[in-house]
There are 2 protein chains.
Amino acid sequence: MEEKETFNHLPHKTIARLSQYRRALLLCLSRGKSHIFSHEIATIQHITPVQVRRDLMLIGYSGTLRKGYNIKELINLIANIIDSEEGIKVAIVGMGNLGRALINYFSGKRHKLSIVAGFDTNPDKIGNTMNGVPCYSASMMKDIIQQEGIQIGIITVPAENASQTANELVAAGIKGLLNYTPKPIDVPEYVYLEEYDMITTLEKVAFYVKMRSLEEE
Amino acid sequence: MEEKETFNHLPHKTIARLSQYRRALLLCLSRGKSHIFSHEIATIQHITPVQVRRDLMLIGYSGTLRKGYNIKELINLIANIIDSEEGIKVAIVGMGNLGRALINYFSGKRHKLSIVAGFDTNPDKIGNTMNGVPCYSASMMKDIIQQEGIQIGIITVPAENASQTANELVAAGIKGLLNYTPKPIDVPEYVYLEEYDMITTLEKVAFYVKMRSLEEE
DNA sequence: ATAACAATGTTATTTTATTAACAATTATTT
DNA sequence: AAATAATTGTTAATAAAATAACATTGTTAT
Ligand SMILES: NC(=O)c1ccc[n+]([C@@H]2O[C@H](COP(=O)([O-])OP(=O)(O)OC[C@H]3O[C@@H](n4cnc5c(N)ncnc54)[C@H](O)[C@@H]3O)[C@@H](O)[C@H]2O)c1
Ligand SMILES: NC(=O)c1ccc[n+]([C@@H]2O[C@H](COP(=O)([O-])OP(=O)(O)OC[C@H]3O[C@@H](n4cnc5c(N)ncnc54)[C@H](O)[C@@H]3O)[C@@H](O)[C@H]2O)c1
């Protein structure tokens, strides 16, 4: 019996790396490269070639011995694993500095992921569009999310409004949340949540910089 | 012989969590709380109480049995570990949407980390200040970084200028780099590098959203 | 006083992630 | 034609991280 491949058990870290590989591969492709070796991918990503080969093994992709991996094929396979066929729609709540930076960053990128709506409470922002993304009143959140079938929400409101916004998004039926405010939020277990705070990353860099200078002494 | 505690061997993940604990603790403190239990910290951070206790064990902090951990003491200890006494100065290169979002986010936060300079090539931006952070010409980078003793750089220029900017920062003597462009950069091994790309995070969320909806079928 | 409870701190175990080792393969060089 | 070199794919080993188990200790209730 033919077993349907689900890629269900890929390690979390592998998923993240596949996304990065794809980005690097697309760049290589645009430069006219057709094949690539594991050690080339590894160098770009600052990891080891073994890691790359192991990840590709896990997704069942084989290269050729002297040419390496076919870039187009590999991109397609990664797309197959990561992307949803129908595409996934994303909404961003809080069209401030960060919200705008993200929309700006995303627009023009192909991908099966697209930011299709922004929400804000500031009347000056409602009704505008930013890089093709319309800004709606936050009171319309539920309606528009359901109507458009938006599945993922990005939270970039001021920290004090984060949890309320999260609740509204959950109530609207969102399936995944990306919280960029420094305030950790709570969601039901059926909603996939990622939180990211820059300060943590920066403090980590600072810690290792400090450590290294202490070691030198 | 008294051994000087260096916290040299703390797991990477513990470092990141300590930064997060501190943020949560500061919030609790500001609300008038004086003590906190491991399970309370755990709930805020969406992790397990054991994880919290283990991290605190690693840094050698003990709570009291029925009151939990003294918030002030713990904050101070974490500060001791993560922060540098003298403070660390940070520069941001590329005062666009993202650069501004980050400066805006940072300003007002206490911390031993402060963004003290921004750099850009756009004449319209040079000479302005943003939330107290002056924007200098990118050609002044080396001078100002050395003069001010800036140790960490954040890169938020357009992707095509990322590696050149990284080189300039390294040449100026920077010790740690945080790269927000989607273009991976190369630095000498003595420079601590973190790279972050939102697209990876978003694609990860999308993948798990997709997986869960496939599982339901 | 004693039992039950709710915490902490720590060691042991399990899981996840990375790295190493190496056989197999094919192009290139001698 | 044989030796060499470079690369993949995979299994084995190691390392890092998370979780479980549990002894210990005060506190509260009985
Ligand atoms: N994670 C990071 O690295 C990072 C970096 C920068 C900023 N931040 C955080 O992101 C958030 C936004 O930062 P910013 O600089 O863009 O702030 P901002 O003030 O520029 O933007 C916030 C926007 O949210 C809108 N808003 C407020 N309440 C709302 C609500 N209930 N519903 C919808 N919209 C609402 C405001 O009108 C404003 O447009 C802050 O919480 C900040 O701390 C995080
Ligand atoms: N990692 C993420 O999550 C994320 C999110 C958004 C944007 N980005 C990336 O961050 C970068 C900046 O995004 P943005 O929206 O702020 O772009 P932006 O165009 O608004 O800002 C870029 C700024 O860099 C300046 N600049 C250009 N070349 C420079 C140089 N050589 N030296 C100094 N300054 C220079 C420009 O004048 C401009 O002010 C882009 O690479 C973008 O892809 C990353």
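FYI, side chains are in, hydrogens and waters are out, and symmetry mates aren't considered; it's all heavy atoms of this structure.
A/Asp83 meets the salt bridge (Lys or Arg N to Asp or Glu O under 4.0 Å) test with A/Arg22; sequence neighbours excluded. Among residues two or more places apart in sequence or in another chain, the salt bridge (Lys or Arg N to Asp or Glu O under 4.0 Å) test is passed with A/Lys33 by A/Glu40. Residues meeting the ring pair (Phe, Tyr, Trp, His ring centres under 6.0 Å) test with A/Phe37, sequence neighbours left out: A/His39. When the side chain to side chain contact (heavy atoms under 4.5 Å, CB included) test is applied to B/Gln146, the partners found at least two apart in sequence or on another chain are B/Lys142.
Taking atom CD of residue B/Glu40 and atom P of nucleotide C/dA6, one finds them 15 Å apart after rounding to whole Å. Rounded to whole angstrom, the span from the CZ atom of B/Phe37 across to the P atom of C/dT8 amounts to 7 Å. If you take NE2 of B/His39 and C1' of C/dA7, they are 8 Å apart, rounded to a whole angstrom. The distance between atom CD1 of B/Ile41 and atom C1' of C/dA7, rounded to the nearest whole Å, is 13 Å. The interatomic distance linking B/Leu58 (CG) with D/dA18 (C1') rounds to 12 Å, in whole Å. One atom, NE2 of A/His35, and another, P of D/dT7, lie 14 Å apart when rounded to the nearest Å. Straight-line distance from the CE atom of B/Met57 to the P atom of C/dT11: 7 Å, rounded to whole Å. For B/Ile59 and C/dG9, the CD1 to P distance is 11 Å, given to the nearest whole Å.
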Short N/O separations, protein against nucleotides 24-30 of chain D, under 3.5 angstrom:
residue	atom	partner	partner atom	Å
D/dG26	N2	B/Arg66	NH1	2.9

Sub-3.5 Å pairs of nitrogen or oxygen atoms, protein against nucleotides 14-19 of chain C:
residue	atom	partner	partner atom	Å
C/dT18	OP1	A/Arg17	NH1	3.4
C/dT18	OP2	A/Arg17	NH1	2.8
C/dT18	OP2	A/Arg17	NH2	3.0
C/dT19	O4	A/Arg54	NE	3.2

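Within 6.0 Å of CD in B/Glu160 there are more than 12 heavy atoms belonging to other residues, nucleotides or ligands.
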N/O donor to acceptor pairs below 3.5 angstrom from side-chain atoms of residues 45-52 of chain A, sequence neighbours left out:
residue	atom	partner	partner atom	Å
A/His46	NE2	B/Ile185	O	2.4
A/His46	NE2	B/Glu195	OE2	3.2
A/Thr48	OG1	A/Gln51	N	3.2

**Message:** Between B/Tyr69 and B/His35, does the side chain to side chain contact (heavy atoms under 4.5 Å, CB included) criterion hold? Intermediate values first, please.
**Reply:** CA-CA 5 Å; B/Tyr69 304 96; B/His35 288 74; over 6 Å; no

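For residues 93-106 of chain B, the pairs satisfying side chain to side chain donor-acceptor pair (under 3.5 Å) are A/Asp197-B/Tyr105, B/Asn97-B/Arg100, B/Asn104-B/Asn131, with sequence neighbours left out. Within the structure, the salt bridge (charged side-chain N to carboxylate O under 4.0 Å, His left out) test picks out no pair touching residues 167-193 of chain A (sequence neighbours left out).
For C/dA7, the OP1/OP2 oxygens have no side-chain nitrogen or oxygen of B/Ser38 closer than 4.0 Å.
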